Amino acid sequence: MALTIDSRVKLNNGVEMPLFGLGVWQTPAGATTQRAVKAALEAGYRSIDTAKMYGNEADVGIAVRESGLPRDEVFVTTKLWNSDHGYDSALKAFDGSLKRLGLPTMDLYLIHWPVTGARKDTWRAMERILKEGKARAIGVSNYMVPHLEELLANSKVVPGVNQIELSPFLYPKDVIDFCRKNGIAVEAYSPLTKGHRLGDKRLAAVAQKYRRSVPQILIRWGLQHEIIEIPKSAKEEHIQENARVFDFEIRPEDMRSMDALSEGLHVAWDPMDEP
Ligand SMILES: NC(=O)c1ccc[n+]([C@@H]2O[C@H](COP(=O)([O-])OP(=O)(O)OC[C@H]3O[C@@H](n4cnc5c(N)ncnc54)[C@H](OP(=O)(O)O)[C@@H]3O)[C@@H](O)[C@H]2O)c1
């Protein structure tokens, strides 16, 4: 079926998550985040990715509430920060995020980073949050295969989502295959390489072929791989441009040439450093 801005992925507990959304890391708190989220919702985005660490949960909440859209039409994700790991701390951190967002329930709550020694207890708290219906889905972020194997061996609930750094320049097939085999949806962060590779000549050639921009080609590549994409922009024109990716299709040969750009580039951090 053709991809649209309303395309959704069914998570392993039946909850439907939009395939496309807006990220707000490093979007300054206050009016800038509120404006970005408002612009995104007006452009048809229906998913917003924030985190306690980003310091802008409250602004995301304000913009979502002020949009006038029914609560069940906007999918909100936030994340548990590293200093909040542990069973009791995680429950408390979740309540804090929910309060700052000003929402009755969370759509998706993620462990931001697999902190060694604490992540197992944290996951038990996440399971409780899910069971009590406070979050519709729970998941993880920056979990590589060893972290996922440990989690699956020690828990009852399989994460709905694993949010990892992913772009044509970092295309970790081992993690993607593991997630898909175990029913975990894959979500890409830094899909635009935080801007580092927007000048790549090989991408520019593909973009020119389809009369698109490099960011649009990068987003479309991920969507065609059925990867959830959450590009960040604080600029209204970029927010709109990034959403215009549903009226063209990258042909298989160009998808393959983009796949082949993978070189293990991390623009954020490498979770394999976390034992
Ligand atoms: N779980 C994690 O550990 C983790 C880590 C990193 C990110 N994330 C999530 O993933 C989201 C996206 O990743 P990211 O913020 O690292 O980076 P990104 O989406 O790869 O890139 C964002 C950069 O690209 C620029 N940009 C966006 N659209 C553009 C366009 N059409 N033309 C030119 N430049 C454009 C933005 O600048 P402007 O704002 O000026 O447009 C910004 O500098 C984050 O916001 C966050 O929600 C999660």
Side-chain angles (χ1 to χ4, degrees), residues 17-29 32-33 35-37 39-40 43 45 47-57 59-60 63 75-82 84 97 101 107-115 119 138-144 147 159 161-172 175 179 185-200 203-204 207 212-223 227-245 265-274:
M17 174 173 184
L19 195 57
F20 176 73
L22 178 78
V24 295
W25 184 32
Q26 294 174 327
T27 302
T32 310
T33 293
R35 270 200 303 270
V37 175
Y45 292 60
S47 173
I48 311 291
D49 182 85
T50 184
K52 179 184 176 188
M53 193 269 259
Y54 305 167
N56 53 18
E57 289 174 309
D59 301 300
V60 169
F75 192 98
V76 179
T77 301
T78 194
K79 313 183 193 82
L80 171 128
W81 187 235
N82 299 355
D84 293 320
S97 282
L101 278 155
D107 293 300
L108 176 63
Y109 195 46
L110 301 178
I111 294 182
H112 210 141
W113 183 265
V115 172
R119 59 190 179 235
I138 54 172
V140 294
S141 179
N142 293 297
Y143 273 53
M144 300 292 102
H147 308 125
V161 171
N162 185 18
Q163 185 184 111
I164 53 172
E165 187 180 343
L166 201 158
S167 74
F169 301 98
L170 178 66
Y171 186 34
V175 188
C179 286
V186 179
E187 179 171 26
Y189 75 67
S190 305
L192 307 178
T193 67
K194 282 178 81 54
H196 291 290
R197 292 296 174 91
L198 296 185
D200 186 275
L203 281 184
R212 299 291 159 155
S213 67
V214 167
Q216 288 172 325
I217 288 288
L218 285 169
I219 295 164
R220 182 74 204 188
W221 172 85
L223 296 173
I227 287 163
I228 300 162
E229 295 278 301
I230 45 163
K232 173 264 174 186
S233 176
K235 295 199 177 89
E236 193 166 345
E237 65 272 26
H238 288 169
I239 290 170
Q240 290 169 353
E241 175 186 329
N242 296 347
R244 287 195 297 270
V245 292
L265 171 81
H266 280 279
V267 295
W269 36 66
D270 185 353
M272 281 308 280
D273 293 341
E274 186 77 32

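Computed from a predicted structure; not experimentally measured. Whatever order the structure lists ligands and atoms in, that order sets their numbers, starting from 1.
At least one heavy atom of Tyr54 sits closer than 4.0 Å to an atom of ligand 1.
Of all protein heavy atoms, the one lying nearest to atom 6 (C) of ligand 1 is Tyr189 CD1, 3.2 Å. The protein heavy atom nearest to atom 44 (C) of ligand 1 is Trp25 CB, 3.5 Å. For atom 31 (N) of ligand 1, the nearest non-hydrogen atom of the protein is Asn242 OD1, 2.9 Å. In terms of protein heavy-atom proximity, atom 47 (O) of ligand 1 is nearest to Asp49 OD2, 2.6 Å. The nearest heavy-atom contact from the protein to atom 35 (C) of ligand 1 is His238 ND1, 3.6 Å. Given atom 40 (O) of ligand 1, the protein heavy atom at minimum distance is Lys235 NZ, 2.7 Å. Protein heavy atom in closest approach to atom 25 (C) of ligand 1: Lys232 O, 4.1 Å. With respect to atom 17 (O) of ligand 1, the closest heavy atom belonging to the protein is Lys194 CG, 3.5 Å.
Contact check on Lys232 versus Asp49 returns no salt bridge, with no Lys/Arg side-chain nitrogen under 4.0 Å from an Asp/Glu carboxylate oxygen.
Ring pair Trp113/Trp269 is perpendicular by interplanar angle, where above 60° counts as perpendicular and below 30° as parallel. A tilted orientation is assigned to the rings of Phe20 and Tyr45, their planes being inclined by 30° to 60°.
The proximity of Leu110 to ligand 1, defined as any non-hydrogen pair under 4.0 Å, does not occur for either the backbone or the side chain. Contacts of Ser190 with ligand 1, taken as heavy-atom pairs under 4.0 Å, involve both backbone and side chain.
Using a 4.5 Å heavy-atom threshold, the side chains of Thr27 and Tyr54 count as separate. Side-chain contact between Asn242 and Leu192 is present, with heavy atoms from C-beta onward closer than 4.5 Å. Contact of the Arg197 side chain with the Ser167 side chain is not registered, since no non-hydrogen atoms from C-beta on lie closer than 4.5 Å. Within the 4.5 Å cutoff, the side chain of His266 has no heavy atoms near those of the Met272 side chain. No side-chain heavy atom of Ile48 sits under 4.5 Å from any side-chain heavy atom of Phe75. Using a 4.5 Å cut-off on side-chain heavy atoms (C-beta onward), Val267 and Phe169 make no contact. Residues Leu218 and Leu198 meet the side-chain proximity criterion, which asks for heavy atoms closer than 4.5 Å. Residues Glu187 and Leu110 have side chains in contact (heavy-atom distance under 4.5 Å, counting atoms from C-beta outward).
Of the N or O atoms in Ala268, none lie within a sub-3.5 Å distance of an N or O in ligand 1. Residue-to-ligand polar distances keep Lys79 apart from ligand 1: every N/O pair is separated by 3.5 Å or more. Checked against a 3.5 angstrom limit, the closest N/O atoms of Pro215 and ligand 1 fall outside it. An N or O contact shorter than 3.5 Å links Val24 to ligand 1 by distance.
Taken from CG in Leu101 to CG in Asn56, the straight-line distance is 9.0 Å, to the nearest 0.5 Å.
With ligand atoms numbered from 1 in the order given, ligand 1 contributes 1 (N), 2 (C), 3 (O) to contacts under 4.0 Å with heavy atoms of His112. Taking every non-hydrogen atom of Pro231 and a distance limit under 4.0 Å, the qualifying atoms of ligand 1 come out as 19 (O). Counting the atoms of ligand 1 from 1 in the order shown, those under 4.0 Å from a heavy atom of Pro191 are 12 (C), 13 (O), 19 (O), 20 (O). The distance from ligand 1 to the heavy atoms of Glu241 drops below 4.0 Å at these ligand atoms: 31 (N). Near Leu198, the atoms of ligand 1 lying under 4.0 angstrom from a non-hydrogen atom of the residue are 33 (C), 34 (N). For ligand 1, the atoms sitting less than 4.0 Å from at least one non-hydrogen atom of Gln163 are 1 (N), 2 (C), 4 (C), 8 (N), 9 (C), 48 (C), numbered in the order shown with element in parentheses.
Considering Asn162, Ile239, Ile164, Ile230 only, the shortest heavy-atom separation from atom 12 (C) of ligand 1 involves Ile230.
Counted by atom type alone, Glu165 and Ser190 present zero donor-acceptor pairs between their side chains at under 3.5 Å.
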